Amino acid sequence: MKLDPVLASALRKKEDLAASRDANVPSRGDASGLRSFLNAGFPTAYSQVGVSPDVTYESYEATAEDGARIPLRWYTRATDSPGSAVVYVHGGGMIAGTTEFYDPIVRHYVQSTGVPFLSVEYRLAPDVTGDASARDVMAALEWLILHAAALNIDPQRIAIMGDSGGGGIGAGAAILARDRRITIAAQILIFPMLDDRNTEPDPHIAPLLLERSMWTYEKNHTCWSAVLGEKLGTDDVSPYAAPARLEDFGGLPAAYIEVGTLDIFRDESILYALNLLRAGVQTELHVHPGAPHGHDWLAPTSPLAERWKADRARVIAGL
């Protein structure tokens with residue numbers, strides 16, 4: 001097992017940059033410190049995304065089940081009106097990230113496909129715990145369905161998309177939607193964080209992980225602890241919070257799942273895809289050789305980037 005050489009070079013530069021800033025990873029269990037560490041890295045991580053000159057957004061709000069206001073950004077390209085839409089759930093290990101940090105990413109998808117995106121400022125752990133973040137995304141989905149006519153959206157053609165922690169939250173929201181008998185056109189899960197039981201380091205992956213610039217098992221434990229508290233690793237964990245805990249995969253929306261061979265979420269992503277397929281759910285799975293977690297924007301002009309850009313754009317445009 002080895003890293004893709006282009007991605008390895010990009011990771012070393014990222015590691016050196018973090019070291020030059022004395023960006024030390026907080027200790028295990030320090031969710032507040034890890035949030036600050038992750039948030040400090042987002043602007044640099046997405047500095048190579050590029051501009052999307054035809055994309056603008058309008059701000060709205062949804063109301064969560066407990067009455068909290070959930071800020072939304074509705075992104076569109078010029079005068080496009082394809083009828084489909086995507087609810088986007090940003091990454092950040094379920095404890096970090098914002099819609100503002102992900103603004104370049106969402107703009108890229110809208111610019112390249114013409115499909116409008118609703119970016120959700122869901123609440124983060126440990127400020128909220130359990131499945132609260134998935135329920136915030138569910139509130140955003142229900143808001144979009146309610147306003148579908150005004151926004152020229154077909155409510156049967158809405159997908160949920162997310163990466164990393166957002167992929168896990170998005171998958172949880174898709175399960176919640178199924179259980180509420182709300183139709184979702186697709187779930188697009190980019191190296192999703194699905195299983196709180198992922199605590200044993202893979203001997204083929206762990207030696208290659210760089211502490212500052214890659215997603216490690218220590219960071220993963222900190223994040224899941226913030227989400228689940230004392231329930232972490234027990235039998236009392238809802239699949240809305242940790243989707244890998246789901247037993248019945250029947251009736252879930254079609255899925256696109258992408259992960260790298262050197263991502264600590266590799267096995268849980270593959271198993272999730274397999275469980276979907278076994279339940280008769282149309283599923284497309286990509287496992288990229290030599291790719292770590294967060295592989296997409298490490299080298300945006302690499303051959304791998306050309307592949308994932310084309311695949312994601314195809315799936316989004318095909319909604």
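Because only heavy atoms are used, hydrogens play no part in the values below, and waters and symmetry mates are left out as well, while side chains stay in. Predicted model only: the values in this text are computed from it and were never measured.
In this structure, W297 has its ring center closer than 6.0 angstrom to the ring center of W308. For an aromatic pair to be called close, the ring centres must be under 6.0 Å apart, and H90 with F101 fails this. The aromatic ring centres of W74 and Y60 sit 6.0 Å or more apart. Here F42 and Y102 bring their ring centres to under 6.0 angstrom of each other.
Using a 30° and 60° split on the angle between ring planes, Y75 and Y57 fall in the tilted class, from 30° to 60°. Between Y88 and Y109, the ring planes are tilted. Angles from 30° to 60° get that label.
Looking only at distances, no side-chain donor or acceptor of S9 sits under 3.5 Å from a matching main-chain atom of P5. The backbone N or O of R123 lies less than 3.5 Å from a partner atom in the side chain of D136, making a donor-acceptor pair. Side-chain atoms of S133 do not come within 3.5 Å of backbone N or O of T129 as any donor-acceptor pair. In this structure a side-chain-to-backbone donor-acceptor pair under 3.5 Å is present from T283 to V281. Listed for the E61 side chain is no donor-acceptor partner under 3.5 Å among the backbone atoms of I70. S164 places no side-chain N or O within donor-acceptor distance of the main-chain N or O of G92, the cut-off being under 3.5 Å. Checked by atom type and distance alone, the side chain of D131 never pairs as donor or acceptor with a backbone atom of A134 at under 3.5 Å. Although no hydrogens or angles enter the test, the distance criterion places a donor-acceptor pair under 3.5 Å between the side chain of R212 and the main chain of A23. The backbone N or O of P104 sits nowhere less than 3.5 Å from a side-chain atom of H108 that would complete a donor-acceptor pair. A side-chain donor-acceptor contact under 3.5 Å links N198 to the backbone of I264.
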| request: Might you work through the salt bridge (Lys or Arg N to Asp or Glu O under 4.0 Å) test for E58 and R73, ending with a clear yes or no? | output: CA-CA 6 Å; E58 297 180 2; R73 290 186 176 192; over 6 Å; no
| Pair N275-L246, side-chain contact (heavy atoms from CB on, under 4.5 Å): steps then yes or no | CA-CA 9 Å; N275 284 331; L246 188 65; over 6 Å; no
| message | Set out, in order, the CA-CA distance, both residues' side-chain angles and the distance that settles side-chain contact (heavy atoms from CB on, under 4.5 Å) for D196 and V237, then state yes or no. | response | CA-CA 9 Å; D196 64 294; V237 175; 4.1 Å; yes
| query | Could you walk me through whether L151 and L144 pass the side-chain contact (heavy atoms from CB on, under 4.5 Å) check? | reply | CA-CA 8 Å; L151 297 172; L144 184 55; 3.7 Å; yes
| salt bridge (Lys or Arg N to Asp or Glu O under 4.0 Å) between D127 and R35: does it pass, once the steps are laid out? | CA-CA 12 Å; D127 305 329; R35 176 186 290 179; 3.1 Å; yes
| side-chain contact (heavy atoms from CB on, under 4.5 Å) evaluation trace for V315 with I188 | CA-CA 8 Å; V315 172; I188 304 170; 3.9 Å; yes
| query | Could you go step by step and tell me if D103 and R107 meet the salt bridge (Lys or Arg N to Asp or Glu O under 4.0 Å) rule? | reply | CA-CA 6 Å; D103 179 80; R107 287 178 183 271; 2.7 Å; yes
| said: If you apply the rule salt bridge (Lys or Arg N to Asp or Glu O under 4.0 Å), what do you find for R314 with E284, and how did you get there? | reply: CA-CA 12 Å; R314 167 180 52 80; E284 179 177 346; 2.6 Å; yes
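With rounding to the nearest 0.5 angstrom, the CG atom of L189 is 12.0 Å from the CD1 atom of I169. To the nearest 0.5 Å, the span separating CG on D263 from CE on M193 amounts to 11.5 Å. Once rounded to the nearest 0.5 Å, the distance linking OG of S269 with NE2 of H286 reads 13.0 Å. Atom OG1 of T199 sits about 8.0 Å away from atom CG of L232, to the nearest 0.5 Å. Between the CH2 atom in W143 and the CG atom in L146 there is a gap of 8.5 Å [rounded to 0.5 Å]. Within the model, atoms CE of M138 and CD1 of I160 stand 7.0 Å from one another, a figure rounded to the nearest 0.5 Å.
Listed here is the closest heavy atom pair of L7 and G290: CD1-O, 4.0 Å. Taking every heavy atom of both residues into account, P43 and N39 meet most closely at CD-O, 3.4 Å. Across every non-hydrogen atom of P243 and Y272, the tightest pair is O-CE1, 3.4 Å. When all heavy atoms of M214 and L209 are compared, the pair lying nearest together is CE-CD2, 3.7 Å. In this structure, I95 and L124 approach most closely via the heavy-atom pair O-CD1, 3.5 Å. L194 approaches G168 most closely through the heavy-atom pair CD2-CA, 4.1 Å.
Atom CD of E306 has more than 12 neighbouring heavy atoms from other residues, nucleotides or ligands inside a 6.0 Å radius. By the neighbour-count criterion of 12 heavy atoms within 6.0 Å, atom NZ of K309 is densely surrounded, having more than that number from other residues, nucleotides or ligands. Atom CZ of R180 has more than 12 heavy atoms from other residues, nucleotides or ligands within 6.0 Å. Counting non-hydrogen atoms of other residues, nucleotides and ligands closer than 6.0 Å to CD of E230 gives a total of 12 or fewer.
Cluster annotation: Y256 is not connected to L274 through the hydrophobic network of ILVMFWY side chains, with a link wherever side-chain heavy atoms come within less than 4.5 Å. Under a hydrophobic clustering in which Ile, Leu, Val, Met, Phe, Trp and Tyr are joined whenever their side-chain heavy atoms come within less than 4.5 Å, directly or via other members, L72 and F117 fall into the same cluster. I175 and V128 fall into different hydrophobic clusters, where Ile, Leu, Val, Met, Phe, Trp and Tyr residues are linked whenever their side-chain heavy atoms come under 4.5 Å apart, directly or through other members. The same ILVMFWY cluster, assembled from side-chain heavy atoms under 4.5 Å apart, contains both V49 and M161. Under the 4.5 Å side-chain heavy-atom criterion for ILVMFWY residues, a single connected hydrophobic cluster contains both L11 and M1.
There is no side-chain donor-acceptor pair under 3.5 Å between S52 and Q111. With hydrogens and angles left out, the side-chain atoms of N24 and D22 include a donor and acceptor closer than 3.5 Å. Looking at S238 and R245, their side chains never bring a donor and an acceptor atom within 3.5 Å of each other. Between the side chains of W215 and N220, at least one donor-acceptor pair of N or O atoms lies under 3.5 Å. With hydrogens and angles left out, the side-chain atoms of D179 and Y240 include a donor and acceptor closer than 3.5 Å.
Between R312 and E258, at least one side-chain nitrogen of the basic residue sits less than 4.0 Å from a carboxylate oxygen of the acidic one, meeting the salt-bridge criterion. Taking 4.0 Å as the cut-off between side-chain N and carboxylate O, R77 and D80 count as a salt-bridged pair. The pair R135-D66 does not count as a salt bridge, with every side-chain nitrogen at least 4.0 angstrom from each carboxylate oxygen.
Taking 4.5 Å as the limit, some side-chain heavy atom of I257 sits within range of a side-chain heavy atom of L276. L34 has its side chain within reach of C223: a pair of non-hydrogen atoms, C-beta onward, lies under 4.5 Å apart. When side chains are defined from C-beta on, Y217 counts as touching D202, because their heavy atoms get closer than 4.5 Å. Using a 4.5 Å heavy-atom cutoff, the side chains of I158 and V86 are not in contact.
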